[in-house]
Amino acid sequence: MAEQFDVAVIGAGPGGYIAAIRAAQLGFRTACIDDWSTAEGKPAPGGTCTNVGCIPSKALLQSSENYEHAGHAFAEHGIDVGGLSVDVARMLARKDKVVRQNNDGIVYLFKKNKISFFHGIGSFAGGSATEGWQIEVKGPGAATLGAKHVIVATGSKPRALVAGGASVPFDNKLILDNDGALAIPEVPKKLGVIGAGVIGLEMGSVWRRLGAEVTILEALPAFLGAADEQVAKEAWKLFAKQGLAIRLGATITKVTPGKDVGVDYNDAEGGKQSARFDKLIVSIGRVPHTAGLNAGGVGLKLDERGFIAVDDECKTNLANVWAIGDVVRGPMLAHRAEEEGVAVAERIAGGHGHVDFNTVPWVIYTSPEIAWVGQTEQQLRAAGVAYRAGSFPFMANGRARALGDTRGFVKFLADAKTDRILGMHAIGPLVSELIAEGVVAMEFGAATEDIARICHAHPSLSEAVKEAALAVDKRTLNL
Ligand SMILES: Cc1cc2nc3c(=O)[nH]c(=O)nc-3n(C[C@H](O)[C@H](O)[C@H](O)COP(=O)(O)OP(=O)(O)OC[C@H]3O[C@@H](n4cnc5c(N)ncnc54)[C@H](O)[C@@H]3O)c2cc1C
């Protein structure tokens, strides 16, 4: 007879493994199924985020930034580094080690929380809300499970490029997806990146710092359209200074792999251009991953873009079947997936889990980092909202000067009448950490006056947050 569970989670990415932990904490008998394997065939829970996304990209961003600092920034501190060189193989091995530590951490958490883990592909084998759902696991952990509730957290996969009507398949030798982009065995002389989104900018930054000549081709006419326009403008200026060549409005017409990769494209003015690259990273977005689930077999509804259709509470069209994370609508971010996982487990337990998309922070881990939460200035203008803005440059922050990184600023947008914070936008050192203050403030319905009256440690980068709040009322103290 099939082993019975209260909750079965399909997928152990940040959405799935966190949902499983919360369900187990709430007292449910919980199973989690995931098919990701190491090169040796061992389970590698953690999904895209741990294996080929957030974690390895940040490991390489740190390594490459260390290299850049040693080559360019240390001298100013009176530290001379002779014979500087980079060993890409060792750098990649460190990145792999960081990934394995995270995989092992999740295996430990499953054991600690008494979650039954099944290594393999999970698919619906039948069932209903009244009799429960049957899940078949194919692979090393083959089994048949019964579950009262199923949480689908099967994530996403990279979108392949279509050029001139023809699909350009990834081979991960010349034409790379995010997996290949994180494992280039030696620094390419010329690297092409299609797509100037978060992944394209982060990957482009890694390989530029290590010595590649990087060209990013972006189809859209505007740079970082989702970010606040003042931040995007500053980022454009700083990235250009670093030598990242970003071409906007580029339509790719042909990709020709051979010894290297030829790329033909029309530029923003419609002129025909061509370029040759040693490697080409394609980072033009991601698509939901539902293959293998047998969604059609049980009538699990997908929307017109292939995402599992869910309501605001992550309920699918099937009773007691839920879906979270990249496989459903919403920002493709690990922390959004995690929050949905917690919220769904709590709803199953009869609670009222809630995820507010307006307070989900966005971070781009370039140098300088970019982070924001809430509305941008252009969104507020378009919505006709009366607002006040205040910003403060890191140039005037003592800690930033001591760090040797005074690029960028922090900016608040607040309701003109009530002063309630509507958005926080930042570009500069460690703003990935500073943005949490904006998120907390918005969750508590704070005004910029609240931030302005809170004591911030000195000297710290967080003082720039306080000063930006003061700037909304035109009373900065250090500018
Ligand atoms: C290069 C890169 C960098 C990124 N950096 C960041 C970042 O810094 N911050 C951030 O917030 N987000 C980042 N992301 C996005 C983030 O990785 C995703 O939003 C996140 O992983 C989504 O989590 P998830 O749990 O929904 O799905 P996933 O992480 O994709 O996990 C889904 C899991 O389910 C498994 N699976 C699929 N189908 C089945 C099946 N039928 N049976 C069993 N298992 C199955 C998959 O193999 C996978 O292990 C990055 C992404 C990439 C590619």
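Each ligand, and each atom within it, is numbered from 1 in the order the structure gives. We're numbering straight along the sequence, starting at 1.
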**Q** Say whether N51 and D179, considering side chains only, have a donor N or O and an acceptor N or O under 3.5 Å apart.
**A**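 Checked: N51/D179 side chains show no N/O donor-acceptor pair below 3.5 Å.
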**Q** Among all the protein's non-hydrogen atoms, which is closest to atom 33 (C) of ligand 1, and how far away is it?
**A**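 I find the closest protein heavy atom is D34 OD2, 3.4 Å.
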**Q** Suppose I only count heavy atoms of M332 and a 4.0 Å limit; which atoms of ligand 1 are within that range?
**A**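 This gives 15 (C), 19 (O) as the contact atoms.
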**Q** Output yes when K148 and D6 qualify as a salt bridge under the 4.0 Å nitrogen-oxygen rule, no when they do not.
**A**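 Result for this pair is no, no salt bridge flagged.
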**Q** Which is closest to atom 29 (O) of ligand 1 in terms of heavy atoms, T154, D179, T48?
**A**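 Selected option, by shortest heavy-atom distance: T48.
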**Q** Side chains of T376 and H425: any donor to acceptor distance under 3.5 Å?
**A**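 Checked: H425/T376 side chains show no N/O donor-acceptor pair below 3.5 Å.
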**Q** So, applying side-chain contact (heavy atoms from CB on, under 4.5 Å) with I427, which one of D228, V410, I370 is it?
**A**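 Going through D228, V410, I370 one by one, the side-chain contact (heavy atoms from CB on, under 4.5 Å) with I427 is satisfied by I370 alone.
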**Q** Please determine, by modelled atom types, if N294 and S123 share a side-chain donor-acceptor pair under 3.5 angstrom.
**A**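 Their side chains do not contain a donor-acceptor pair, so the 3.5 Å distance test is not met.
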**Q** State whether R94 and D96 are salt-bridged, where the test is any N-O pair (Lys NZ or Arg NE/NH1/NH2 against Asp/Glu carboxylate O) under 4.0 Å.
**A**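 Salt bridge between R94 and D96, a charged N being under 4.0 Å from a carboxylate O: no.
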**Q** Show the atoms of ligand 1 that are less than 4.0 angstrom away from any heavy atom in G47.
**A**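 Within the 4.0 Å cut-off of G47, ligand 1 contributes 29 (O), 31 (O), 48 (C), 49 (O).
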**Q** Check each atom of ligand 1 against the heavy atoms of I121 and keep those under 4.0 Å away; list them by number with element.
**A**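 So the answer, numbered in order with elements, is 41 (N), 42 (N), 43 (C).
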**Q** Give me the residue, atom name and distance of the protein heavy atom closest to atom 46 (C) of ligand 1.
**A**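 Protein heavy atom with the smallest distance to atom 46 (C) of ligand 1: D35 OD1, 3.5 Å.
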**Q** Can you confirm, on distance only, whether ligand 1 has an N/O atom lying under 3.5 Å from any N/O atom belonging to E202?
**A**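 Checking ligand 1 against E202, no N or O pair falls under 3.5 Å apart.
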**Q** Looking at ligand 1, does any of its N/O atoms fall within less than 3.5 Å of an N/O of K58?
**A**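 Yes, at least one N or O pair falls under 3.5 Å.
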**Q** Report the part of I199 (side chain from C-beta onward, or backbone N, CA, C, O) that has a heavy atom under 4.0 Å from ligand 1; answer both or neither where that applies.
**A**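 Only the side chain of I199 comes within reach of ligand 1.
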**Q** Would you call K42-E40 a salt bridge at under 4.0 Å N-O?
**A**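 No, this pair does not count.
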**Q** Please confirm whether G325 comes within less than 3.5 Å of ligand 1 when only nitrogen or oxygen atoms on both sides are compared.
**A**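 N/O-N/O distance under 3.5 Å: no.
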**Q** So, 4.0 Å and heavy atoms of V52: is ligand 1 close enough to count as a contact?
**A**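 A heavy atom of V52 does come that close to ligand 1.
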**Q** Give yes if a backbone or side-chain nitrogen or oxygen of N178 is under 3.5 Å from a nitrogen or oxygen of ligand 1, and no if not.
**A**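 The answer is no, given that N178 and ligand 1 share no N or O pair closer than 3.5 Å.
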**Q** Taking only Lys NZ, Arg NE, NH1 and NH2, and the carboxylate oxygens of Asp or Glu, determine whether E213 and R208 approach each other closer than 4.0 Å.
**A**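 No.
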**Q** So does E234 pair up with K237, basic N to acidic O under 4.0 Å?
**A**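 Between K237 and E234 there is a salt bridge, with a charged N closer than 4.0 Å to a carboxylate O.
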**Q** Any nitrogen or oxygen of L293, main chain or side chain, under 3.5 Å from a nitrogen or oxygen of ligand 1?
**A**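 So ligand 1 has no N or O lying under 3.5 Å from an N or O of L293.
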**Q** Which atoms of ligand 1 have any heavy atom of G15 under 4.0 Å away?
**A**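 In order of numbering, the contacting atoms are 25 (O).
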**Q** Just checking Q101: does its CD atom have more than 12 heavy atoms from other residues, nucleotides or ligands closer to it than 6.0 angstrom?
**A**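 Count over threshold, so yes.
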**Q** Any chance the side chains of E443 and T359 put a donor and an acceptor closer than 3.5 Å?
**A**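 Looking only at side-chain atoms, T359 and E443 do form a donor-acceptor pair, the distance falling under 3.5 Å.
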**Q** Closer than 4.0 Å to some heavy atom of S156 - which atoms of ligand 1 meet that?
**A**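 What qualifies from ligand 1 is 30 (O).
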**Q** Knowing that exactly one of L201, L217, T215 qualifies, which makes a side-chain contact (heavy atoms from CB on, under 4.5 Å) with I246?
**A**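 When side-chain contact (heavy atoms from CB on, under 4.5 Å) is applied between I246 and each of L201, L217, T215, only L201 qualifies.
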**Q** Looking at ligand 1, does any of its N/O atoms fall within less than 3.5 Å of an N/O of Y365?
**A**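 Min N/O separation from ligand 1 is not below 3.5 Å for Y365.
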**Q** Determine, for R247 against E218, whether the closest basic-nitrogen to carboxylate-oxygen distance falls under 4.0 angstrom.
**A**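 Result for this pair is no, no salt bridge flagged.
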**Q** Between R286 and ligand 1, is there a nitrogen or oxygen pair with a distance under 3.5 Å?
**A**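 Min N/O separation from ligand 1 is not below 3.5 Å for R286.
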**Q** Under 4.0 Å, heavy-atom basis, I'd like to know which part of P158 is in contact with ligand 1: side chain, backbone, both or neither.
**A**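 Contact part for P158 vs ligand 1: neither.
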**Q** By number and element, which atoms of ligand 1 are closer than 4.0 Å to a non-hydrogen atom of G120?
**A**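 Under 4.0 Å from G120, ligand 1 has these atoms: 42 (N), 43 (C).
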**Q** Between N51 and ligand 1, find which residue part has any heavy-atom pair under 4.0 Å and reply side chain, backbone, both or neither.
**A**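 Under 4.0 Å from ligand 1, N51 contributes no heavy atoms.
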**Q** Judging by distance only, is a nitrogen or oxygen of D326 under 3.5 angstrom from one on ligand 1?
**A**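 Between D326 and ligand 1, an N or O pair is found under 3.5 Å apart.
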**Q** Out of C54, P43, G16, who gets a non-hydrogen atom closest to atom 9 (N) of ligand 1?
**A**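 Considering heavy atoms of C54, P43, G16, the nearest to atom 9 (N) of ligand 1 sits in C54.
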**Q** A153 near ligand 1, heavy-atom distance under 4.0 Å?
**A**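 Yes; A153 lies near enough to ligand 1 that a heavy-atom distance drops under 4.0 Å.
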**Q** Compute the shortest N/O to N/O distance between G46 and ligand 1 and return yes if it is under 3.5 Å, no if not.
**A**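 Between G46 and ligand 1 (N or O atoms, distance only) the closest approach is not under 3.5 Å.
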**Q** Do R329 and F307 meet the cation-pi criteria used here (NZ or CZ under 6.0 Å from the six-membered ring centre, within 45° of the axis)?
**A**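 Negative - R329 is either too far from the ring of F307 or too far off its axis.
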**Q** I want to confirm something. Looking only at heavy atoms, which of G122, C32, C49 is nearest to atom 17 (O) of ligand 1?
**A**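 Heavy atom nearest to atom 17 (O) of ligand 1 belongs to C49.
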**Q** Would you please say whether a donor-acceptor pair under 3.5 Å links the side chains of D177 and N172?
**A**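 Per modelled atom types, D177 and N172 side chains form a pair under 3.5 Å.
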